[in-house]
Enquirer: 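After the structure tokens below, expect a handful of questions from me.
Chain letters run A, B, ... following the sequence lines, proteins first, then strands; residues in each count from 1.
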Protein chains: 2
Amino acid sequence: MREFKKLTPYKEALRLMLESLAEIGEVEEVPLDGALGRVLAEDIVSPIDSPPFDRAAVDGYALRAEDTFQAREYNPVEIKVIDEIVAGEKSGAKVEPGTAVKLTTGAKIPEGANAVLMQEMAERERDIIRVLRPVAPGQNVAFAGEDVKKGEVVLRKGQILRPQDLALLKSIGLKTVRVKRKPLVGIIVTGDELIEEFDEGALKAGKILDSNSVMLKGLVRQYFGEPRFYGVIPDDEERIGEAIRKAREECDLVLITGGSAFGDKDFAHRFVSLLFHGTTIKPGRPIGYGEKTFVMSGYPAAVFTQFHLYVKHALAKLVGARDYEVKVRARLTERVPSQLGRYEFIKVRYENGEARPIRKKGSGIISSLVESNGYIGIPEDSEGYLEGELVEVVLY
Amino acid sequence: MREFKKLTPYKEALRLMLESLAEIGEVEEVPLDGALGRVLAEDIVSPIDSPPFDRAAVDGYALRAEDTFQAREYNPVEIKVIDEIVAGEKSGAKVEPGTAVKLTTGAKIPEGANAVLMQEMAERERDIIRVLRPVAPGQNVAFAGEDVKKGEVVLRKGQILRPQDLALLKSIGLKTVRVKRKPLVGIIVTGDELIEEFDEGALKAGKILDSNSVMLKGLVRQYFGEPRFYGVIPDDEERIGEAIRKAREECDLVLITGGSAFGDKDFAHRFVSLLFHGTTIKPGRPIGYGEKTFVMSGYPAAVFTQFHLYVKHALAKLVGARDYEVKVRARLTERVPSQLGRYEFIKVRYENGEARPIRKKGSGIISSLVESNGYIGIPEDSEGYLEGELVEVVLY
């Protein structure tokens, strides 16, 4: 039995791990409708102006603004309506002085017109409208390219696609989009003490229900990945070795829980050549990483911490995702002490600009994860934060 | 052509709409592994203590704390190791004065012991350990029920299930969980001007690519729903009526875009008995609602606003979801004027505690949705906010 000779500082270990991973090259071309939450594999340049033409922003009359400059309620200007179109149509008429084309919202502005008079601002009698107030040039016109210009980069590689992003892609004529292949993430849960089904007798005799697998599958799905579960494996060196070999052959990343410390039964790290083993994070210190494999703790709260501090960033790197964390500023509702030399992961409940630390201790505690909706990370050189201090919360 | 006689205030319309909708009764029992993002249909009460027994929080020696009180580095206490167990096993031995049981993290504390000495704090020679410092009662012990107590409500109805929630459910013995059926949401897009495929000639002639359908499908999926698309339908009263009838028969909620104003070709609202039509929101004013049907604008940015201000809340009501909005406090980077009498939806980019208003105007503008990651809502009685003012941002 050894202890960790030296704990690698959190960010140093993070850097080592990220440097060892390369972005996945493969892209998939998927229909826009199936691209929600996927990560864009390339910059998107608009092939068109959007809107593609000057169009009416309201229902009304396309006319020459100059014709209305003298219009007053006591001195209306009369203008002749020479055509009527609806959105989707194009008028063959040219708007000459003293004339107008009636149109609906979205319709193309006819040649000669430079403004739209709102329908309810005009009094109409047969083919004549009476204009009571001046209209400014450009008024109620949405100009070509006002939303997006041809040749403009509208979305950048690494964007996590949201509904509005898909709308933009559709509006510039795309039907499909190239996104990164989802990284396949192998999950191996180890431990003699674990059972997969409720069994009161077994629990009384010292067994524990495995909850890491379902949590890690969910976290992997949340962060761009596709989980593949290799089962709950007892502390048997051969069987653990076999699972690790298989998972590493098949997957882009492998997560092993249990056996990250130096206990007599901690076999997992023997099969992986580790870049680091033991970092300053708390909880979750015994984490090891090497050869695209994370050797993680057995306790759920430690696993959760290790996922957010390391694995999440590994997945983001594999797909090249940007902006995958929601970070907010918050005022601490109470003092949070922190151990010098440790990077403490403090679970908080963020609400109304305030962060309330969730106090439950112990890396086996799942209920504190449930109560919290984010965390603050306190660096190694800090003894913590005072009540009322402004901190950065990463939401989850 | 009529104009809106009266705009219903935003919150008044919201209240009317929500009151008219009832929570969906049906629940589905799904495996934990498929429950991510689903909405919990009932409170969950733990059937067990978790952990189910007092257990070791570290690898070490379970002993009586009292036996170590006199231990000093210059005067070690010797204790005899009478058994060894690993997590998942139960020791048959009873810890009497002067004895200890070696165990690994997670193992059940044997009878008689009340603390665990960390392995690396003991010097061992055959079956004797030398203790150099006192151990406090309870030290390194995770007590039964410390995480969750039997009979405790661990998750409440309406919770949107996250990975850590699934872990908690698994840890108390559940294999499945009862969640709300996903509301089926019919989407009907109307407008003669709309085309579904890129066609440069058509675009030049005044057509527009439909982007509302892909956006609404994504938004519905983001907020607990299952979209069903009824296609892009031209401005034909009969065909629109037919689609609306079919969608309302099949779905829990129906969204129609286009035809929400009082233009000559705006047929949609003729088929729905509306509770309100026209509210104070800006953009998106012409929204109508009645009989589980939203009559929405044709312009994407207006549709997006209407979705976030109304439809999102309708979906949350249908499934009884709580905490479905992420609201953060932010300082405005510049002044935001707002029209009195309008509830203005201002898109912002939230970053580092600051909200930067996205200035692009026009309800046709999709790029402003893409640039932004949240909004602020400015009530009807406010003329806006000053630079530096603290506002609430709803993230999306």
Enquirer: What distance do L166(B) atom CG and I366(A) atom CD1 have between them, rounded to the nearest 0.5 Å?
Expert: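 L166(B) CG to I366(A) CD1: 11.0 Å, rounded to 0.5 Å.
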Enquirer: What part of L369(B) gets within 4.5 angstrom of chain A, counting heavy atoms only: side chain, backbone, both, or neither?
Expert: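 Contact with chain A is through both the backbone and side chain of L369(B).
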Enquirer: Examine whether an atom of I195(B) lies under 4.5 Å from a heavy atom of chain A, and if so say whether it belongs to the side chain, the backbone or both; otherwise answer neither.
Expert: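 Interface part for I195(B): neither.
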Enquirer: So which of D33(B), D165(B), N212(B) has the largest heavy-atom pair count under 4.5 angstrom toward chain A?
Expert: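 Maximum pair count with chain A is reached by D33(B).
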Enquirer: Is any side-chain heavy atom of N373(B) less than 4.5 Å from a side-chain heavy atom of R162(A)?
Expert: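 They are in contact (side-chain heavy atoms under 4.5 Å apart), so the answer is yes.
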Enquirer: Side chain, backbone, both or neither: which part of V154(A) has a heavy atom under 4.5 Å from chain B?
Expert: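 Looking at V154(A), just its backbone touches chain B.
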Enquirer: Are D192(B) and E89(A) close enough, and set up right, to give a side chain to side chain contact (heavy atoms under 4.5 Å, CB included), and what steps lead you there?
Expert: CA-CA 9 Å; D192(B) 282 339; E89(A) 291 176 2; 6.0 Å; no
Enquirer: If every non-hydrogen atom of I208(B) is compared with every non-hydrogen atom of R55(A), which pair is closest and at what distance?
Expert: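 Shortest heavy-atom separation between I208(B) and R55(A) comes out as CD1-NH1, 2.6 Å.
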Enquirer: Of the backbone (N, CA, C, O) and the side chain (C-beta and beyond), which part of D199(B) lies under 4.5 Å from a heavy atom of chain A, both, or neither?
Expert: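 For D199(B), there is no contact with chain A at all, as no heavy atom is under 4.5 Å.
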Enquirer: Ignoring hydrogens, what is the shortest heavy-atom contact between F53(A) and L203(B)? Give both atom names and the distance.
Expert: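 Nearest pair, atom of F53(A) first, then L203(B): CE2-O, 3.0 Å.
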Enquirer: Examine distances only and state if a side-chain atom of R329(B) and a backbone atom of A330(A) form a donor-acceptor pair shorter than 3.5 Å.
Expert: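 No, because the side chain of R329(B) does not come within donor-acceptor range (under 3.5 Å) of the backbone of A330(A).
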Enquirer: Tell me which of these, K327(A), E196(A), K90(A), Q164(A), has more heavy-atom pairs under 4.5 Å with chain B than the rest.
Expert: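 Answer, by heavy-atom pair count under 4.5 Å with chain B: Q164(A).
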Enquirer: Ignoring hydrogens and angles, tell me if any N or O in the side chain of K217(A) forms a donor-acceptor pair with the backbone of P163(B) under 3.5 Å.
Expert: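 Side chain of K217(A) to backbone of P163(B): no pair is present.
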Enquirer: Please classify the contact between L395(A) and chain B as side chain, backbone, both or neither, with a heavy-atom cut-off of under 4.5 Å.
Expert: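 Answer is side chain: those atoms of L395(A) sit under 4.5 Å from chain B.
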Enquirer: Is a salt bridge present between K175(A) and D210(B), judged by a nitrogen-to-oxygen distance below 4.0 Å?
Expert: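 Looking at K175(A) and D210(B), the cut-off is not met.
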Enquirer: Is L36(A) in contact with chain B via its backbone, its side chain, both, or neither, using a 4.5 Å heavy-atom distance?
Expert: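 Interface part for L36(A): side chain.
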Enquirer: With a 4.5 angstrom heavy-atom cut-off, which part of F229(B) approaches chain A: side chain, backbone, both or neither?
Expert: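 F229(B) has no heavy atom closer than 4.5 Å to chain A.
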Enquirer: Measure across E193(A) and A87(B) and return the closest heavy-atom pair with its distance rounded to 0.1 Å.
Expert: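 Heavy-atom minimum between the residues: CB-C, 3.2 Å.
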Enquirer: Where on S50(B) is there a heavy atom nearer than 4.5 Å to chain A: the side chain, the backbone, both, or neither?
Expert: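 Neither part.
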Enquirer: Heavy-atom cut-off 4.5 Å, strictly under: side chain, backbone, both or neither for V326(A) against chain B?
Expert: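 The answer is the side chain of V326(A).
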Enquirer: Side chain, backbone, both or neither: which part of K108(A) has an atom under 4.5 Å from a heavy atom of chain B?
Expert: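 For K108(A), the contact with chain B is made by the side chain alone.
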Enquirer: Indicate the atoms forming the closest heavy-atom contact of Y350(B) with V328(A), along with that distance.
Expert: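 Heavy atoms of Y350(B) and V328(A) come nearest at OH-CA, 3.2 Å.
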Enquirer: When only pairs under 4.5 Å are counted, which of P31(B), A144(B), S171(B), G88(B) shares the most heavy-atom pairs with chain A?
Expert: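 The residue among P31(B), A144(B), S171(B), G88(B) with the greatest pair count is G88(B).
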Enquirer: So with a 6.0 Å cut-off around CZ of R124(B), is the heavy-atom count from everything else above 12?
Expert: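 Yes, because the 6.0 Å sphere around CZ of R124(B) holds more than 12 heavy atoms from other groups.
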Enquirer: Counting N and O atoms only, with roles assigned by atom type, does the side chain of D147(A) sit under 3.5 Å from a partner on the main chain of S367(B), one being a donor and the other an acceptor?
Expert: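 Yes.
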Enquirer: For the candidates E197(B), E392(B), E200(B), which exhibits the highest count of non-hydrogen atom pairs separated by less than 4.5 Å from chain A?
Expert: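 Of E197(B), E392(B), E200(B), E197(B) has the most heavy-atom pairs under 4.5 Å with chain A.
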Enquirer: Heavy-atom count around R156(A) CZ within 6.0 Å, excluding the residue itself: above 12?
Expert: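 Not more than 12 within 6.0 Å, no.
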Enquirer: Restricting to non-hydrogen atoms, name the atom on R349(B) and the atom on D323(A) that form the minimum distance, rounded to 0.1 Å.
Expert: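 For R349(B) and D323(A), the tightest heavy-atom pair comes out as NH2-OD2, 3.1 Å.
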Enquirer: Mind checking the OG-CG spacing from S211(B) to L32(A)? Nearest 0.5 Å is all I need.
Expert: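 Reported to 0.5 Å precision, the distance equals 10.5 Å.
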Enquirer: Could you tell me which portion of L155(A) (side chain, backbone, both or neither) has an atom closer than 4.5 angstrom to a non-hydrogen atom of chain B?
Expert: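 Interface part for L155(A): side chain.
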Enquirer: Would you mind checking which part of I85(A) comes under 4.5 Å of any heavy atom in chain B, side chain (CB onward), backbone (N, CA, C, O), both or neither?
Expert: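 Nothing of I85(A), per the 4.5 Å heavy-atom cut-off to chain B.
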Enquirer: Quick check: closest heavy atoms across I48(A) and F198(B), and the distance to 0.1 Å?
Expert: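 Closest heavy-atom pair between I48(A) and F198(B): CG2-CE1, 3.5 Å.
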